[in-house]
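Below is one structure, written out as structure tokens; the observations come after it.
No experiment lies behind these values; they were computed from the predicted model shown. Every chain is numbered from 1 and lettered A, B, ... according to where its sequence line falls, protein lines coming before strand lines.
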Amino acid sequence: MRYTKFFIPTLREVPSEAEAASHKFLLKAGYIRQLAAGLYIFLPLSWRVLNRINKILIEEMEAINAQEITMPILHPAEIWQTTGRWYEIKEEMFRLNDRGGREMCLGMTHEEIMTWLASREIRSYRELPQIWYQIQTKLRDEARPKSGILRTREFLMKDSYSFDMDVEGLDISYNLHAEAYHKIFKRCGLRFYQVESDPGMMGGACAHEYMAPSPAGEDDIAICANCGYIANVEIAQSFAQPVEYIESEMEELFTPDKRSIEEVAAFLNINPSCLIKSLLLVSSTYGYILALLRGDQELHDKKLTKIIGQFRIASKDEVISFLGVEPGFIGPIDFKGRIISDNALNEGVYVTGANKLNYHIKGVKPNINFTAEWHDIHIAKAGDYCPKCKSELKIEKAIEIGNIFKLGTKYSIPLNAVYLDGKGVEKPMIMGSYGIGPARIAAAVVEQNYDEEGIKWPKSIAPFDIQILPLNMSDKQTVELSEMLYKNISEIYNSLTDRNMDVLLDDRNVRPGVKFKDADLIGIPIQIIIGERSLKNNYIEVKKRLTQEVFKISLERAEASIVKIYYETE
RNA sequence: CGGGGCGUAGCGCAGCUUGGUUAGCGCACCUGCCUUGGGCGCAGGGGGUCGGAGGUUCGAAUCCUCUCGCCCCGACCA
């Protein structure tokens, strides 16, 4: 491809709204443009990247006998009503009416529609298992689109769905996907983890996410370097580090106006971990509940929801009316109701609110001075101990680039996706669903591979393999050599890749500095620099964008040298 | 949805507090000359309903009201 025939609108300055590195560079290097919040135009360069990613997706999906299909984006409401998600999902779903007033929605995912198809078309165990997938647009009215193409309202997704006879079959389909996903992310040049995750609204028993570590990520993952335990903080278990506690008899302490953990700890000159954090909650099923955490811990809402169901923090007035004291001085002693306490408090001696204005109590011993139900209800944090091997956990930010869910019968039962087994017994299909966002992969790759000059694509998904930079378009020898290399390298067939090299020839009549800057910005893995200075000495230069290494290669057999350097590149 | 910030040329910004000729600067863009190893140089030029609507005023980019949009933090995230 000739640069002058290809649309690459690079910018000198980045629009001020861009914050994340991938957002900045993809805008600056002319890959994307924003239409509105969470809506992006993919320009020729980024479309090439996406197509390369999609090609990898297709190859790896076909390798596990998944079959590509495509489904409508516009869905009738009835199917979503049948599974209940029409009602469970709130503003995230784009809804509309057709001309006849029929309720419709735009597809945010395709469990319903895929299951609808399976329910109509699959009759017998002889037709199972099936894995169907598509690469297709999803629409979600995100509360807060952000970070360029990392979180958008309309995005491409490779989503696949497996239908099996039984859970053993599901395990096989699930594991096939896990293996395929590992290969996909590896081929795309990503550093990633597979982590345990919360099945959430997808339902089902088991789920994993694929996480690309990056400061731009929205998720926190807990990692144990010792035993390999790794989980999204949304579900990560952990043990709080044990701390020293001060043995003492129970005694009221005057703590005037000291309400928060920090204030009390500072006032008493003790560590926050010596305090009990007491939170009065209101649960629709259990009424008032007291949740206890160690002073250095935070409540994990989802963990507690699993134990007591939906709840909310009691208001100040509710605290006063139920306990007769303001928040800031409440504690578990003589509490009339259910007490859920984090495991960290199971032993030790603590300071806690005295249920009396301006007083705390020291010397409080759990299981002696109060009783509680013991659970892990805290947010895992760096330094906590691994739930499996008790080594220290670290916390890393990461971008979710894919996920896999065991759905079981969550969709097949309501939508009546059943088959007859070998004995003629009707059974629900056992399902799984599996998603990957190609644009997220691209963005995550950029987040993991850039420097101050621009993007550094791995060659597997770069928009081009090689960029040729003739530095002076007025110099005859420069132009002739560039044209020759452009033609020859483009056509070199290599059985290792079953495709020709994609070469971008920067044939613009601009100064060398512009070409260098744009080339580094765009981030094609190999640059071939052709300038008069080196031609005088019978060589040209080949630069690897990843490492910025420059190789001087002889004009003799230059193509072979270039191809060799290309294959040695990541 | 809560909190914060920002809307002036394609991009980056100044001007607004304290209203007053024709709204400015840099980059980009167009023309010509020049130059060719890290976003050259010189000269000339085009491009703006100052996000929108209403109001105050002799006069509004500037003050007031409403509204739309975008970004960031949080909540949410199938």
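Note: CZ (A:Arg511) to P (B:G41) measures 8 Å, nearest angstrom. Rounding to whole angstrom units, CG of residue A:Leu27 and P of B:G10 are separated by 16 Å. Atom CG in A:Asp220 sits roughly 15 Å away from atom C1' in B:C73 (whole-Å rounding). Atom CZ of A:Phe516 is separated from atom C1' of B:C40 by 14 Å (rounded to the nearest Å). To the nearest angstrom, C1' of B:G2 lies 16 Å from CD1 of A:Ile313. Computed from coordinates, the A:Glu88 CD to B:C76 P distance equals 17 Å when rounded to whole Å. Separating the NZ atom of A:Lys24 from the P atom of B:C11 is a distance of 17 Å, rounded to the nearest angstrom. Distance, A:Glu17 CD to B:C70 P: 10 Å, rounded to whole Å.
Side-chain N/O atoms of A:Arg144 include one lying less than 4.0 angstrom from OP1 or OP2 on B:C73. In this model, the phosphate group of B:C11 is not approached by any side-chain N or O of A:Arg12 to a distance below 4.0 Å at OP1 or OP2. Proximity of A:Ser16 to the phosphate of B:C13: a side-chain N or O atom is located under 4.0 Å from OP1 or OP2. Between A:Lys28 and B:C11, a side-chain N or O to OP1/OP2 separation shorter than 4.0 Å is absent.
In the set B:G39, B:C72, B:A75, B:A75 carries the atom at the smallest distance from any side-chain atom of A:Ala143.
Residue contacts for A:Ala18: at a heavy-atom cut-off of 4.0 Å it reaches no nucleic acid atom on any strand shown. Contact annotation for A:Lys543: base contact, defined as any heavy-atom pair under 4.0 Å involving a base atom. Across all strands shown, A:Ala37 has heavy atoms under 4.0 Å from sugar-phosphate atoms exclusively, and none from any base. Using a 4.0 Å heavy-atom distance criterion, A:Lys90 is classed as making no nucleic acid contact. A:Ser147 comes within contact range of the sugar-phosphate backbone alone, with a heavy-atom separation under 4.0 Å but no base atom that close.
B:U62 and B:U31: their P atoms are spaced 37 Å apart (whole Å). Between the P atoms of B:G4 and B:G47, the separation comes to 41 Å (whole Å).
Of the N and O atoms on the side chains of A:Asn403 and A:Tyr210, not one donor lies less than 3.5 Å from an acceptor on the other residue. Of the N and O atoms on the side chains of A:His23 and A:Tyr40, at least one donor lies less than 3.5 Å from an acceptor on the other residue.
Across the strands present, B:A53 finds its partner in B:U65; the criterion is a Watson-Crick or G-U wobble pair with both atom distances under 3.5 angstrom. In a base pair of the Watson-Crick type (N1 to N3 plus N6-O4 or O6-N4) or a G-U wobble (N1-O2 and O6-N3), with each distance short of 3.5 Å, B:U18 is matched with no nucleotide.
Below 30°, between 30° and 60°, or above 60°: for A:Phe464 and A:Phe6 the angle between ring planes is above 60°, a perpendicular geometry.
For A:Glu13 against B:G26, a side-chain N or O and a base N or O form a donor-acceptor pair under 3.5 Å. No hydrogens or angles were tested; on distance alone, a donor-acceptor pair under 3.5 Å links the side chain of A:Asp518 to the base of B:G39.
The aromatic ring centroids of A:Tyr87 and A:Trp80 lie 6.0 Å or more from each other.
With A:Tyr174 as the aromatic partner, A:Lys406 meets the cation-pi criteria of under 6.0 angstrom to the ring centre and within 45 degrees of the ring axis.
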